[in-house]
Amino acid sequence: MVQQRSQQKQTLLGATGVAVLRAYLAFTLRTTRWTVSISPEAMPFLIGQDGKTALVAFWHEILPLSPALWWWAEPQNPKLRLSVLISRNRDGRMIADIVAPWRIWSIAGSSDNKGKSKGGASAFRRMRALLNRGQIVAITPDGPRGPRRVVQQGAVSLAGLTGLPVVPIGASCSGIRVKTWDRMLLPLPFGKGHLVCGSPLTLVRHAAGEAARLESALNEQMMQAEQNTQRSPAYQDTKGFLQPLDIMPSRLWYGLATLLAPVLPFLLRWRQKRGKELPTRVREKMGFASLRRPQGKLLWFHAASVGEVLSLLPLVENCLAHCPACCVLLTTGTVTAAALVKERVQQSVFAAKIGHQFLPFDVPRWGTRFLNHWRPDAVVFTESDLWPNLIGLCHKRTIPLSLVNGRMSDHSFKAWQKIPKVAQRMLERFAWIAPRSDHDAAHFVQLSGGCSVGPVGDIKTLAQPLPVDWGQLAVVQEKIGERPVFLAASTHDGEEAELVEAVALLRRRHPTLLTVIVPRHPERGAALSALFECAPRRSCGQWPNAQDPVWVCDTLGELGLFYRLAQCAFIGNSLQTVQTSGGGHNPFEPARLKCPVATGPRIQNFSQAFEQLGAGIVKVNTAQQLAAWVSDMLSKPEKAEQQAECAYQKLEQQPELLETLTQKIVALLVA
């Protein structure tokens, strides 16, 4: 009985020790900022591309670091499995128990100097079977008892018998050396680590010098990893290897997002009550998919809101035309953009190949869930909607990233300059960046330290004129009759108060004038109706009568209708009273429809576009100036026509931009 209790106590102590070591190892490896450098020749073997597989070899001393390599490799091929040859002794079994929950399977056995597998031939047969099924098997050529960093003949024999190449791996990180025969490296939390994978070696059994070849390759990778850890470079040349990069751009952002994750569902519920989330699709913001992944290559485009969607759709369709075998996932961040995608995609000849989802919040676990389901082959972000954790997760899976219509305003540039290392690590992950203008290009180059930039051009110039339901346009024209129409497009909270004063001034000079207000966010329709003394709302099916001065058109996708209906228009989000940061909206849309346009002074988000249109756009600062301009346009139709024609003529057509961007994106899929 005493002996039984003693055995139970030892078992309990052993289980507790394994749990503590596992928790410590998981914590330290997860909080280490890893840099991964992979030989291009080794990459297909490490991720199981096209069924390729290999033996992976590393020194016994870095066995505790092996989960970091696996956490990098597994997401890139979820079907991949890693098995490690671990000795049958007590220490080996403890290591096997520690790594087992991370889906790292152990093979009990080891190789002696004569090339025989200790523990019987069963370990060798199991390894061979796993390799034949396309899985990865890892070995420590100097284990289980050394000498340290000396390749045993058994490792060479195993490689020779399987006929598969051996990928040599080196690793190092911030840690301490344990006083064991191999001076095992025990990692410390919040440090820096480097994984280096060299070119595969094909070893011939019983050939002279094969053990020395493998030993030399392993020592070379270890030396590279240790030197990198000592220097801790942000970006370093590695003699033909892929350039190493920290996996996550910002550990602080990673940690904050992880800590805030339990609170974010309550934020989503709050947004849902205010109409900013769709109840049936709110879980997409947590990375849960509501659609199945299509077969074959998948190209992921992300557009934050309505403006980005409109500019991106021609590029999406052109990519599908050039690559008929692939499909597209289009993500957005707002409900209005999602509704626009649904409307436009239904009209596209590629409707069956385009799926829509909401982009998940930038929580590492939610982003991982999203990527596990969709497994995109290439990613295209637009403008300035960049999320560090999601970008880091894509880089971790070696998913190629690109940025089109890259926008970096002076305000954003100054903000990123306060955290230059985070900006550099984030931008370095992009295969290339296509900026909107030379001004934006200079900002990207300076922040990234020299990323691949080009071509330069605004894809908003490629968009087709805003669509319109001609039947609805005829109905609206009939209801309004001969009344002149002034449009306030994409207005934001705070600037409508100026419009109240402008409308009052205009009604004195033009009593029959109808002011149509289209808020940027339709859910604000009720508040605007109250602001303008119970003005009729289009979303409620209400029509303005002859006495109504204002009509609130809180609907989606109808700006094309109202730009065609109005004699002149004002672009919102641009007055000094706007409660957001301001910045204007796309002026190319009304210019393309030859509608005279005015804007407020806050146009920094589209400064290049407004500069291009020049005198075709009028700037106003106050309600009085806006009312005076509208009155001028209504009283002098010839002048209004000249202003509209001036803007239209300055629209810079760049047909070659669409083709160049398409070719670069399709090349990412091929790569």
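The model shown is predicted, which means the values in this text are computed figures rather than measured ones. Side-chain atoms are counted along with the backbone in the values below, which use heavy atoms only and exclude waters and symmetry mates.
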Exercise. Just checking, is any N or O donor in the side chain of Thr331 or His302 under 3.5 Å from an acceptor N or O on the other one?
Worked result: yes
For this session: Name all residues meeting the side chain to side chain contact (heavy atoms under 4.5 Å, CB included) criterion together with Thr334; count only those two or more places apart in sequence or in a different chain, and write none if there are none.
Result: Ser305, Thr336, Ala337
For this session: Can you establish whether the number of heavy atoms outside Arg483 located under 6.0 Å from its atom CZ is more than 12?
Result: yes
For this session: Decide yes or no on side-chain contact (heavy atoms from CB on, under 4.5 Å) for Ile480 and Val485, but give the supporting numbers first.
Result: CA-CA 9 Å; Ile480 292 176; Val485 176; 4.2 Å; yes
Seminar exercise, completed: With sequence neighbours left out, the residues meeting side chain to side chain donor-acceptor pair (under 3.5 Å) with Arg281 are Glu284, His356
Exercise. Is the number of heavy atoms from other residues, nucleotides or ligands within 6.0 Å of CH2 (Trp416) greater than 12?
Worked result: yes
Exercise. Closest approach of Pro536 and Pro544, non-hydrogen atoms and distance?
Worked result: CG-CA, 3.8 Å
Exercise. Would you say the side chain of Leu668 lies within less than 4.5 Å of the side chain of Ser402, judging by non-hydrogen atoms?
Worked result: yes
For this session: Please step through ring-ring contact (aromatic ring centres under 6.0 Å, His included) for the pair Phe381 and Trp300, ending with a clear verdict.
Result: CA-CA 8 Å; Phe381 287 93; Trp300 170 24; 5.7 Å; yes
For this session: Would you mind checking if Glu558 and Arg538 are paired as a salt bridge, meaning a charged N to carboxylate O distance below 4.0 Å?
Result: yes
Seminar exercise, completed: In this structure, CD of Glu589 is separated from CZ of Arg592 (nearest 0.5 Å) by 7.5 Å
Exercise. Which atoms form the tightest heavy-atom contact between Lys639 and Asp632, and what is the distance?
Worked result: NZ-OD2, 2.7 Å
Exercise. With a 4.5 Å limit on heavy-atom distance, are the side chains of Phe570 and Leu575 in contact?
Worked result: yes
Seminar exercise, completed: The single option from Asp440, Ile459, Leu657 that satisfies side chain to side chain contact (heavy atoms under 4.5 Å, CB included) with Asn405 is Ile459
Exercise. How would you list, by chain and number, every residue that makes a ring-ring contact (aromatic ring centres under 6.0 Å, His included) with His439, sequence neighbours excluded?
Worked result: His443
Exercise. Sub-3.5 Å donor-acceptor pair from the side chain of Ser635 to the main-chain atoms of Ser631, do we have one?
Worked result: yes
For this session: Determine whether Thr332 and Val309 make a side-chain contact, defined as any pair of heavy atoms from C-beta on separated by less than 4.5 Å.
Result: yes
Seminar exercise, completed: Closest non-hydrogen atoms of Pro435 and Val453, given as atom of the first, atom of the second and distance, are CG-CG1, 3.3 Å
For this session: Identify, with sequence neighbours excluded, every residue that meets ring-ring contact (aromatic ring centres under 6.0 Å, His included) alongside His510.
Result: none
Seminar exercise, completed: Here the gap from Lys285 atom NZ to Phe370 atom CZ, rounded to the nearest 0.5 Å, amounts to 12.0 Å
Exercise. Just wondering, do Leu299 and Val380 contact through their side chains at under 4.5 Å, heavy atoms?
Worked result: yes
For this session: Output the distance between atom CD (Gln424) and atom CD1 (Ile419), rounded to the nearest 0.5 Å.
Result: 12.5 Å
Problem set entry | Heavy atoms of other groups near Phe350 CZ, more than 12 under 6.0 Å | yes
Exercise. Is Ser490 reaching over with its side chain to a backbone N or O of Gly572, donor-acceptor style, under 3.5 angstrom?
Worked result: no
Exercise. Is Glu343 reaching over with its side chain to a backbone N or O of Ala339, donor-acceptor style, under 3.5 angstrom?
Worked result: no
Seminar exercise, completed: Those residues at least two apart in sequence (or on a different chain) that pass salt bridge (Lys or Arg N to Asp or Glu O under 4.0 Å) with Asp410 are none
Exercise. Would Val363 and Tyr254 count as a side-chain contact (heavy atoms from CB on, under 4.5 Å) if you check the C-alpha gap in whole Å, the side-chain angles of each, and the deciding distance to 0.1 Å?
Worked result: CA-CA 7 Å; Val363 175; Tyr254 183 98; over 6 Å; no
Problem set entry | Heavy-atom pair of closest approach, residues Ile603 and Ser574 | CG2-CB, 4.4 Å
Exercise. Any donor-acceptor pair under 3.5 Å linking the side chain of Arg564 with the backbone of Gly560?
Worked result: yes
For this session: Compare every heavy atom of Ala289 with every heavy atom of His373, then report the nearest pair and how far apart it is.
Result: CD2-CB, 3.2 Å
Problem set entry | Heavy-atom side-chain contact between Leu593 and Tyr648 under 4.5 Å | no
Exercise. Does CD belonging to Glu523 count more than 12 external heavy atoms closer than 6.0 Å?
Worked result: yes
For this session: Check for a donor-acceptor pair, side chain of Asp548 on one end and backbone N or O of Val550 on the other, with a separation under 3.5 Å.
Result: no
For this session: Determine whether Phe361 and Leu267 make a side-chain contact, defined as any pair of heavy atoms from C-beta on separated by less than 4.5 Å.
Result: yes
Exercise. Around atom CZ of Arg602, are there more than 12 heavy atoms of other residues, nucleotides or ligands at under 6.0 Å?
Worked result: yes
Problem set entry | Audit row: Leu514, Val516, side-chain contact (heavy atoms from CB on, under 4.5 Å) steps and yes/no | CA-CA 6 Å; Leu514 174 64; Val516 175; 4.2 Å; yes
For this session: Kindly compute the distance separating CG (Leu613) from SG (Cys646), expressed to the nearest 0.5 Å.
Result: 8.5 Å
Exercise. Would you say the side-chain atoms of Ser348 and Glu317 include a donor-acceptor pair closer than 3.5 Å?
Worked result: yes
Problem set entry | Check: Asp362/Trp253 side-chain N/O donor and acceptor closer than 3.5 Å | yes
For this session: To the nearest 0.5 angstrom, please state how far the CE atom of Met426 sits from the CH2 atom of Trp387.
Result: 10.5 Å
Exercise. Could you give the distance from SG (Cys553) to CH2 (Trp551), rounded to the nearest 0.5 Å?
Worked result: 4.5 Å
Seminar exercise, completed: Quick note, side-chain hydrogen bond (donor to acceptor under 3.5 Å, both in side chains) partners involving residues 494-508, not counting sequence neighbours, are Thr491-Glu496, Glu496-Arg524, Glu501-Gln624
Problem set entry | Expected output: side-chain Ser529 to main-chain Gly525 donor-acceptor under 3.5 Å | no
For this session: Evaluate the side-chain proximity of Thr382 to Leu403: yes if any heavy-atom separation is below 4.5 Å, no if none is.
Result: no
For this session: Tell me, with the steps shown, if Ile517 and Leu528 meet side-chain contact (heavy atoms from CB on, under 4.5 Å).
Result: CA-CA 9 Å; Ile517 297 181; Leu528 288 179; 4.1 Å; yes
Exercise. Given Arg537 and Asp554, is the salt bridge (charged side-chain N to carboxylate O under 4.0 Å, His left out) satisfied, shown in steps?
Worked result: CA-CA 7 Å; Arg537 297 171 57 195; Asp554 48 349; 2.9 Å; yes
For this session: Check whether any side-chain heavy atom of Trp543 lies under 4.5 Å from a side-chain heavy atom of Val475, and answer yes or no.
Result: yes
Exercise. Are Arg369 and Phe288 in a cation-pi setup, meaning NZ or CZ lies under 6.0 angstrom from the ring centre and within 45 degrees of the ring axis?
Worked result: yes
Exercise. Should we say atom NZ of Lys664 is surrounded by more than 12 heavy atoms from elsewhere, each under 6.0 Å from it?
Worked result: yes
For this session: Search all heavy atoms of Gln272 against all heavy atoms of Pro279 and return the closest pair with its distance.
Result: NE2-CB, 3.5 Å
For this session: Ignoring hydrogens and angles, state whether a donor on the side chain of Gln642 or Glu638 is under 3.5 Å from an acceptor on the partner side chain.
Result: no
